[in-house]
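Worksheet: one structure, shown below.
Counting convention: from 1, in listed order, for ligands and their atoms alike. For reference, positions follow the sequence shown, starting with 1.
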Amino acid sequence: MTTAPAPAFPLTRAAALARLETFLPLAGVAYARDRNRVARAGQHHAVSRLSAALRRRVVSEAEVVAAVLAVHGPDAAASFISEVFWRTYWKGWLEARPAVWHAYRAAATRAPRAPLAAALAGTTGIHAFDAWHAELVETGWLHNWARMQFASIWVHTLGLDWAAGAAFMAGHLIDADPASNTLSWRWVAGLHTAGKAYLADGARIAAMTGGRLGAAGLATGPRIPAADPLPAPAAPRPPRPWLAGRPSVLLLTPEDLSPETAAPDGLAVTAVLAPQALFPTQADRVAGDDALARAAEHWGCVAEWVPDLSAVAARAEAQIVTPFAPVGPVALALEAFAAGLPPGCTLGEWQRGWDRAAWPHCRKGYFALRQAIPTLIAGL
Ligand SMILES: Cc1cc2nc3c(=O)[nH]c(=O)nc-3n(C[C@H](O)[C@H](O)[C@H](O)COP(=O)(O)OP(=O)(O)OC[C@H]3O[C@@H](n4cnc5c(N)ncnc54)[C@H](O)[C@@H]3O)c2cc1C
């Protein structure tokens, strides 16, 4: 009998939990030591490669952090836990400033294509950049440190539009996330912390890749793009209300594909529907198939794909309920959907405790959230 190879970037819950289990021994001091070493494609064993699953909440941040804490304790696990909280930080920060994502989308469509040609094709002649371009396009994933160098070279060395770079990367990533991707690019460009940009360095690239990759002629100073002043943080959008005990269609979206692990009391699910239009990629579909199978088993009802949101409305009697969708294309689609529902039919949302507790700490810099981590993980 042969064993199927472990998927590179797990998308089903069983595969994600298996990856977590295998990675656990490495999530403590080894992670703190080795996490920035960038191996070649297929050899990224020093990091968990759980981002595609975490992004879709096939497994949750709370589950991953609790497992790592149980093995390593808070000190040895601090580095790994802090990285998971970066994901939370970007989500919470964007939730307080949705206009930043809308402005990015508009800028990405406006960016002129011609100057981008070599960067888009991976033919810039900058060895490391072109190699990471190839890895991104071929595998759908890049190591975090490589993403930082790639974005930095794009913006500061090649002088290209940051929003076009963010859109290019998001278009290839298996873990593409409106918050982590957009805001990490802004951070590298120097738009997140006033005047502070991230500059890639050829010698450091050689050192972190074990001499495998080089990059000559990189910018020695930042080219921070002009930008409108940041909007002040607003109170995050509250979840839409719903009524406990009322028969409900559960709407599944790629924003949370393990709702059965966090469903609130009083949720009376009669059907689970996943609109294909909200699952645009092959990876979304694989994760969606798995989530539907788990939902059918958990709620003992029909759980199936439908073409789009109008098919969900046609099947719902009074109440549709879905896990909270943070800023991004799904939230945008749901806003229009909720506004167009017939009288007597409503869309409700529930929010995970993780987001409810952490997002209030994400309104300014990461430091405020980092200080809250001991309290946030105490109850896990
Ligand atoms: C320019 C740029 C673009 C990025 N775009 C995305 C994106 O679209 N989607 C996405 O999920 N992440 C993005 N990241 C963050 C990070 O690169 C990936 O989450 C990470 O590479 C995932 O690998 P891993 O699962 O092995 O992480 P690990 O190192 O094992 O970390 C565990 C988890 O912590 C979270 N995490 C780790 N590092 C970061 C980080 N720097 N920022 C936010 N969360 C982090 C991820 O959920 C990750 O799965 C981006 C980073 C940069 C610099």
List the closest protein heavy-atom neighbour of atom 2 (C) of ligand 1: residue, atom name, distance to the nearest 0.1 Å.
-> Ser184 CB, 3.4 Å
Answer yes or no: does atom CD of Gln276 have more than 12 heavy-atom neighbours from other residues, nucleotides or ligands under 6.0 Å?
-> yes
Is there a heavy atom of Phe150 sitting under 4.0 angstrom from any atom of ligand 1?
-> no
Polar proximity ligand 1 side, Glu83 side, N/O cut 3.5 Å exclusive | yes
Would you say His143 and ligand 1 have an N/O pair spaced under 3.5 Å apart?
-> no
Which residue and non-hydrogen atom of the protein lie closest to atom 23 (O) of ligand 1, and at what distance in Å?
-> Trp141 CZ2, 3.3 Å
Just jot down the ligand 1 atoms closer than 4.0 angstrom to any heavy atom of Met148, in number order.
-> 53 (C)
Nearest-contact summary for atom 17 (O) of ligand 1 - protein heavy atom, Å = Asn144 OD1, 2.8 Å
One finds that the ligand 1 atoms under 4.0 Å from a non-hydrogen atom of Asp177 are 7 (C), 8 (O), 9 (N)
Using 4.0 Å as the upper bound for N to carboxylate O, is an ion pair formed by Arg55 and Asp177?
-> yes
With a 4.0 Å cut-off on heavy atoms, does Arg35 reach ligand 1?
-> no
CZ/Arg87: more than 12 non-hydrogen atoms of other groups inside 6.0 Å = yes
Pick one: which of Trp90, Trp93, Trp187, Trp86 meets ring pair (Phe, Tyr, Trp, His ring centres under 6.0 Å) with Tyr366?
-> Trp86
Among Tyr31, Phe80, Trp162, the residue with a heavy atom nearest to atom 29 (O) of ligand 1 is Tyr31
For ligand 1, is there an atom lying under 4.0 Å from some heavy atom of Val64?
-> no
Looking at atom 12 (N) of ligand 1, what's its closest protein heavy atom, distance included?
-> Ser180 CB, 3.6 Å
Would you verify whether the NZ or CZ of Arg285 falls within 45 degrees of the ring axis of Trp305 while also being under 6.0 Å from that six-membered ring's centre?
-> yes
Would one find an N or O of Trp185, backbone or side chain, under 3.5 Å from an N or O of ligand 1?
-> no
With the threshold set at 4.0 Å, does a side-chain nitrogen-carboxylate oxygen contact exist between Arg57 and Asp355?
-> yes
Against heavy atoms of Leu173, which atoms of ligand 1 measure under 4.0 Å?
-> 5 (N), 7 (C), 8 (O)
Group every Ile, Leu, Val, Met, Phe, Trp and Tyr by side-chain heavy-atom contacts under 4.5 Å, then state whether Leu24 and Leu380 land in the same group.
-> yes
Which is closest to atom 25 (O) of ligand 1 in terms of heavy atoms, Ala146, Ala46, Ser51?
-> Ser51
Identify the closest protein heavy atom to atom 27 (O) of ligand 1: which residue and atom is it, and at what distance?
-> Ser48 OG, 4.1 Å
Arg240 atom CZ, over 12 foreign heavy atoms within 6.0 Å = yes
Report the part of Trp90 (side chain from C-beta onward, or backbone N, CA, C, O) that has a heavy atom under 4.0 Å from ligand 1; answer both or neither where that applies.
-> side chain
Closest approach of Pro98 to Val327 (non-hydrogen atoms, all atoms of both residues) = CB-CG2, 4.0 Å
Using non-hydrogen atoms of the residue, decide whether Tyr89 is closer than 4.0 angstrom to ligand 1.
-> no
Minimum-distance protein heavy atom relative to atom 3 (C) of ligand 1 | Asn181 OD1, 3.4 Å
Ala176 heavy atoms, cut-off 4.0 Å: which ligand 1 atoms fall inside?
-> 8 (O)
Could you list which atoms of ligand 1 come closer than 4.0 Å to a heavy atom of Leu142?
-> 21 (O)
Is it true that Val84 lies under 4.0 Å from ligand 1, counting heavy atoms only?
-> yes
Is the shortest distance from a Lys or Arg side-chain nitrogen in Glu304 or Arg315 to a carboxylate oxygen in the other one below 4.0 Å?
-> yes
Atom 50 (C) of ligand 1: of Arg147, Arg56, Arg87, Lys91, the nearest heavy atom sits on Arg147
Pair Arg237 + Glu335, salt bridge at N-O below 4.0 Å | no
Within 4.0 Å of some non-hydrogen atom of Leu54, the atoms of ligand 1 are 33 (C), 47 (O), 49 (O)
Over 12 non-hydrogen atoms of neighbours within 6.0 angstrom of CZ in Arg40 | no
Worked check of side chain to side chain contact (heavy atoms under 4.5 Å, CB included) between Trp162 and Thr182 = CA-CA 9 Å; Trp162 76 268; Thr182 312; 4.0 Å; yes
Would you call Ala170 a ligand 1 contact, heavy-atom distance under 4.0 Å?
-> no
Stacked cation flag Arg147 on Trp141, 6.0 angstrom / 45 deg = yes
In ligand 1, the atoms that come under 4.0 Å of a heavy atom of Arg49 are 24 (P), 25 (O), 26 (O)
Is it true that a side-chain atom of Gln149 and a backbone atom of Trp145 form a donor plus acceptor pair closer than 3.5 Å?
-> yes
If you scan protein heavy atoms around atom 11 (O) of ligand 1, the nearest is Asp175 O, 3.6 Å
Under a 4.5 Å side-chain heavy-atom rule over Ile, Leu, Val, Met, Phe, Trp and Tyr, are Leu199 and Trp154 clustered together?
-> no
Ligand 1 atoms nearer than 4.0 angstrom to some heavy atom of Leu50 are 25 (O), 49 (O)
